[in-house]
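Here is the structure we will look at, set down as structure tokens.
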Amino acid sequence: MLIHPQFDPIAFSLGPLAVRWYGLMYLLAFFQFWWLGKLRIQTHPQLSQAGWTVQQLDDLLFYGVLGVILGGRLGQVLFYEPGYYLAHPFEILAVWKGGMSFHGGFLGVLVAMGLYARKTRRTWLDITDFIAPLVPLGLASGRIGNFINGELWGRVCDPALPWAMVFPQVDNLPRHPSQLYQAGLEGVLLFIILWFFSRAARARGAVSGMFLIGYGSLRFIAEFFRTPDDGIFGLSEVISMGQWLSLPMILIGVAMLVWSSRRGN
């Protein structure tokens, strides 16, 4: 069986400043968002014709960063560990220790994109359709950060599985390296699906709907291999908190695809 490498969470230090791998993964996620956004603008004539510029992408990234950080942290506090953070309120600010909820970050980004839409007088769905293909590789970076931190480990698995991994900080049982599963599914695979889906001209809301269906479905699958988290509904081995939060995404995504196909451009 493989043994989790037990990485030092600190990548390097600059005097009293300790730079953590988890933070670097977020920086990588934001950089790839900007780079892919620039590439989309340059290679998709319909985007440049719609007035998208690199300057607007810079502004969009700023709003997105705020949405991810504030929403992700509040989501972790409210959806997964309200009891712990109620007892340790100052820990809410300790984002460098990890603990960011995707679903909370997703809601935070939706709010941020709403504010950006109001500022630029663009439609909200035009913005979400633009950013949807830019998000998955950033999610993969976050999951790799989880793996480096040795958090969000998987369920116990058959020790004969070639990639079964022991996480010494948990126990000596073989487990699924579910962080890497999620990096591959919600990150790389979802990116490939959305990147090619969005290359063709689509009706407004179609790309956003595909993102919701893709992420919700792949996250639902990945949760079967991940140790379930305590959530606001309590600990469940049947349907986890992550799966409960993914179900509305799938349903809304299907509704959006149907709506966009009937509405057309």
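The residues of the chain are indexed from 1 along the displayed sequence.
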Taking all heavy atoms of [X] and all of [Y], pick out the closest pair and write down the distance.
{"X": "L185", "Y": "L218", "value": "O-CD1, 3.2 Å"}
{"X": "A29", "Y": "G138", "value": "CB-CA, 3.5 Å"}
{"X": "Q56", "Y": "G51", "value": "OE1-O, 2.9 Å"}
{"X": "L137", "Y": "V188", "value": "CD2-CA, 4.3 Å"}
{"X": "G216", "Y": "S246", "value": "O-CB, 3.6 Å"}
{"X": "A11", "Y": "L24", "value": "CB-CD1, 3.6 Å"}

When you measure from the side chain of [X] to the backbone of [Y], do you find a donor-acceptor pair of N or O atoms at a distance under 3.5 Å?
{"X": "S208", "Y": "D129", "result": "yes"}
{"X": "S198", "Y": "W195", "result": "yes"}
{"X": "S178", "Y": "L152", "result": "yes"}
{"X": "E186", "Y": "A183", "result": "no"}
{"X": "Q76", "Y": "R73", "result": "no"}
{"X": "R155", "Y": "E223", "result": "yes"}
{"X": "Q179", "Y": "E151", "result": "yes"}
{"X": "R202", "Y": "F197", "result": "yes"}
{"X": "Q169", "Y": "G150", "result": "yes"}
{"X": "W124", "Y": "L110", "result": "yes"}

Item to complete: Check step by step if side-chain contact (heavy atoms from CB on, under 4.5 Å) holds for M256 and I252.
Response: CA-CA 6 Å; M256 288 180 66; I252 294 172; 4.1 Å; yes

Taking it one step at a time, do Q182 and F225 satisfy side-chain contact (heavy atoms from CB on, under 4.5 Å)? CA-CA 9 Å; Q182 291 188 263; F225 302 96; over 6 Å; no

Examine [X] and [Y] and state if one hydrophobic cluster contains both, with Ile, Leu, Val, Met, Phe, Trp and Tyr joined whenever side-chain heavy atoms are less than 4.5 Å apart.
{"X": "F62", "Y": "L70", "answer": "no"}
{"X": "L173", "Y": "L180", "answer": "no"}
{"X": "V207", "Y": "V254", "answer": "yes"}
{"X": "V135", "Y": "L39", "answer": "yes"}
{"X": "L14", "Y": "M25", "answer": "yes"}

Working to the nearest 0.5 Å, report the span between [atom1] of [X] and [atom2] of [Y].
{"X": "L212", "Y": "S217", "atom1": "CG", "atom2": "OG", "value": "10.0 Å"}
{"X": "R40", "Y": "L57", "atom1": "CZ", "atom2": "CG", "value": "11.0 Å"}
{"X": "L115", "Y": "T120", "atom1": "CG", "atom2": "OG1", "value": "10.5 Å"}
{"X": "L194", "Y": "L189", "atom1": "CG", "atom2": "CG", "value": "9.5 Å"}
{"X": "I148", "Y": "R143", "atom1": "CD1", "atom2": "CZ", "value": "13.5 Å"}
{"X": "R122", "Y": "T128", "atom1": "CZ", "atom2": "OG1", "value": "12.0 Å"}

_Other residues, nucleotides, ligands: >12 heavy atoms within 6.0 Å of F7 CZ_ = yes

Surrounding CG of D158 (heavy atoms of other residues, nucleotides or ligands, distance under 6.0 Å), is the total greater than 12?
yes

With a 4.5 Å limit on heavy-atom distance, are the side chains of [X] and [Y] in contact?
{"X": "L161", "Y": "P174", "result": "no"}
{"X": "L36", "Y": "P133", "result": "no"}
{"X": "H4", "Y": "F147", "result": "yes"}
{"X": "F31", "Y": "L27", "result": "no"}
{"X": "L245", "Y": "M249", "result": "no"}
{"X": "I41", "Y": "T53", "result": "no"}
{"X": "W34", "Y": "V54", "result": "yes"}
{"X": "D8", "Y": "W21", "result": "no"}

Q. Do the ring planes of F106 and F211 sit parallel (below 30°), tilted (30 to 60°) or perpendicular (above 60°)?
A. parallel

Tested for ring-ring contact (aromatic ring centres under 6.0 Å, His included) against H176, the lone hit among W163, Y181, W153 is Y181

Which of F191, F102, F220 passes ring-ring contact (aromatic ring centres under 6.0 Å, His included) with Y215? It is F102

- Tell me, with the steps shown, if Y22 and N146 meet side-chain contact (heavy atoms from CB on, under 4.5 Å). CA-CA 7 Å; Y22 194 74; N146 294 145; 3.5 Å; yes

Derivation of the ring pair (Phe, Tyr, Trp, His ring centres under 6.0 Å) call for W52 and F130
CA-CA 9 Å; W52 282 104; F130 173 67; 4.3 Å; yes

(Q) Between R226 and R219, does the side-chain contact (heavy atoms from CB on, under 4.5 Å) criterion hold? Intermediate values first, please. (A) CA-CA 10 Å; R226 170 176 162 174; R219 174 65 182 268; 3.4 Å; yes

